[in-house]
Amino acid sequence: MPFWLMKSEPAECSIDDAVAAPHATVPWVGVRNFQARNFMRDQMKIGDGVLFYHSSCAVPGIAGVAEVASASYPDSTQFDPSSPYYDAASRPEKPRWYLVDVRARYKVEVFTLAQMRETPELQEMRVLKRGNRLSITPVEPPHWKLLLGRMKRIKTAKA
DNA sequence: GCCAACGTTGGC
DNA sequence: GCCAACGTTGGC
């Protein structure tokens, strides 16, 4: 089963927000990068594992475990002129941006970016490569397995 | 706030 | 199709 790391700014949508959402599920809106879009549109399958990563915040790192919860479909925010993700060049009959729903499974004590960098077995992770800016990256099964073994689950009311 | 890295745009 | 300028990401 394929695995992914998906970055979200917690100020926009944190793991807590995802856990608190109906069915602990959120549409992954706002991706405006073709490579990241292609991963969602062409490769993700329901049930794929997701590392829910917090970026652009005080302590960047993996904050939860989630899963792909839908097939891909057009991101409605691209057609909403009041949305920061509005794309005037995209037509409803030929949408440019697609997303998937992501369901939070559980929250973890943040496994920080610094910890990831300190873990020798994780050095080949794409997200750690210099200059990487992709908000969605594939995760190799050994990396997924190691991280799941090291991360500490936090019990929450939901999910 | 800084800035490296890199994707996108647009002139040619 | 090239490539300079520009904008964005995201850690620090």
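In what follows, chains are A, B, ... by sequence order, proteins preceding strands, each numbered from 1.
- Following rounding to the nearest Å, A:L128 (CG) and B:dA5 (P) show an atom-to-atom distance of 16 Å.
- The distance from atom CG of A:N38 to atom P of B:dG7 is 13 Å, rounded to the nearest whole Å.
- Considering CD of A:E124 and CD of A:E140, their distance stands at 9.5 Å, rounded to 0.5 Å.
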Tabulated below should be each protein N or O lying under 3.5 Å from an N or O of nucleotides 10-12 of chain C; please produce it.
residue, atom, partner, partner atom, Å
C:dG10, OP1, A:K7, NZ, 3.0
C:dG10, OP1, A:R133, O, 3.1
C:dG11, OP1, A:Y53, OH, 2.9
C:dG11, OP2, A:S56, N, 3.0

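- As a whole-Å value, the separation of A:M6 CE from C:dT9 P is 16 Å.
- Atom CZ in A:F34 sits about 15 Å away from atom C1' in B:dC6, given to the nearest Å.
- Although no hydrogens or angles enter the test, the distance criterion places a donor-acceptor pair under 3.5 Å between the side chain of A:R117 and the main chain of A:L128.
- A salt bridge between A:R32 and A:D75 is present, with a side-chain N of the basic residue lying under 4.0 Å from a carboxylate O of the acidic one.
- In this structure, A:Q35 atom CD and C:dT9 atom P are separated by 15 Å, rounded to whole Å.
- For A:D87, the side-chain hydrogen bond (donor to acceptor under 3.5 Å, both in side chains) test picks out A:R96, A:W97, with sequence neighbours left out.
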For residues 6-17 of chain A, which side-chain N or O atoms pair as donor and acceptor with protein atoms under 3.5 Å away, sequence neighbours left out?
residue, atom, partner, partner atom, Å
A:S8, OG, A:C13, O, 2.6
A:E12, OE1, A:Y85, OH, 3.3
A:S14, OG, A:D16, N, 3.3
A:S14, OG, A:D17, N, 3.1
A:S14, OG, A:D17, OD2, 3.3
A:D16, OD1, A:K107, NZ, 2.8
A:D16, OD2, A:K107, NZ, 3.4
A:D17, OD2, A:S14, N, 2.9

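- At least one donor-acceptor pair under 3.5 Å links the side chain of A:H143 to the backbone N or O of A:E121.
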